[in-house]
2 protein chains.
Amino acid sequence: MDKRKRTRLRAAGWTVGTPREFLGLSDEEAAFVEFKLALSKTLQALRAAQELSQVDVAKRLHSSQSRVAKMEASDPSVSVDLLVRSLFKLGAQPGDIAKALRPRRRVAAT
Amino acid sequence: MDKRKRTRLRAAGWTVGTPREFLGLSDEEAAFVEFKLALSKTLQALRAAQELSQVDVAKRLHSSQSRVAKMEASDPSVSVDLLVRSLFKLGAQPGDIAKALRPRRRVAAT
DNA sequence: TGCATGTATGTCCAATCGGACAGATAGTAC
DNA sequence: GTACTATCTGTCCGATTGGACATACATGCA
């Protein structure tokens, strides 16, 4: 987005910026939600790799399908604890989790 | 500990083994407590590096000294969420956390 | 000795989390 | 069309968590 358009939008009362700016998140909060997101993605990937349904995973975790869906969606009602425990139960190794948390290479902003 | 002594102790009614065995933790549970422990240690290290008291840290986190003590002690009442949020608030980068989680090289058991 | 500082531990209660259920939506096969 | 499967979303209520407080313990210093 170029400066001109940005300015016009702001003048029209719009908030312009990144999702993080939009939501008014501080740096630490943003880092935390990204952290959770990385774990969610890892969980999804692990499930896909094992070709399981959410119901299957729920059984292994002694939980419910709806909670698994929320875990994968990084729902606010899901804690990092639950995500980490679940990853371990699905066979992830500590190293796998560490790997998943490494910050993605940043791509040039447009 | 040698085999002989181990056997004698068991005969005398003692449980012999790792803390994990002693507590009857499954692999995933053990992995999880180690995970938490790594975060606690990182928090302590971060505080030490900045030469802050627990009270100082508590202020930065908008929490209390007692909770900080429990975080560093990896108390059961402390969640991974709290630890991770705290680390970020103290300025840790995602990469730092990933690094802290990498499994330590195992040393020959005695 | 008393006093200050830093840390550890136990408890209380409000806030958050998590399993479970209901119901919605989407895709596929018959 | 119905039926089945997989996933998503909202809600409820018991369980866990977290800030706060009191208090104990340790160390250093005047």
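Note that this is a predicted model, so its numbers are computed, not measured. First the proteins, then the strands, lettered A, B, ... as listed; each starts at 1.
- The CD1 atom of A/Ile97 sits 9.5 Å away from the CG atom of A/Leu46 when rounded to the nearest 0.5 Å.
- Side-chain contact of B/Arg60 with B/Gln50: a donor-acceptor pair under 3.5 Å is present, judged by distance alone.
- The stretch residues 39-52 of chain A touches DNA chain D through A/Arg47, each having a heavy atom under 4.0 angstrom from the strand.
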(request) Spell out protein contact along nucleotides 13-30 of chain D as letters: B when the base is contacted, S when just the sugar-phosphate is, - when no protein heavy atom is under 4.0 Å; keep the 5' to 3' order. (result) ----SBBBB---------
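- Looking at B/Arg47 and B/Glu72, a side-chain N of the basic residue comes within less than 4.0 Å of a carboxylate O on the acidic one, giving a salt bridge.
- One finds the CZ atom of B/Arg85 at 11.0 Å from the CZ atom of A/Phe35 (value rounded to the nearest 0.5 Å).
- When side chains are defined from C-beta on, B/Met71 counts as touching B/Ser86, because their heavy atoms get closer than 4.5 Å.
- Atom CG in B/Leu37 sits 11.5 Å away from atom CG in B/Leu101 (nearest 0.5 Å).
- Put simply, the side chain of A/Gln54 does not reach to within 4.5 Å of the side chain of A/Ser66, judged on heavy atoms.
- The OG atom of A/Ser64 sits 7.5 Å away from the NZ atom of A/Lys70 when rounded to the nearest 0.5 Å.
- Between A/Gln54 atom CD and C/dA24 atom C1' there is a gap of 15 Å when expressed in whole angstrom units.
- Here the P atom of nucleotide C/dG6 and the CG atom of B/Asp56 are 7 Å apart, to the nearest Å.
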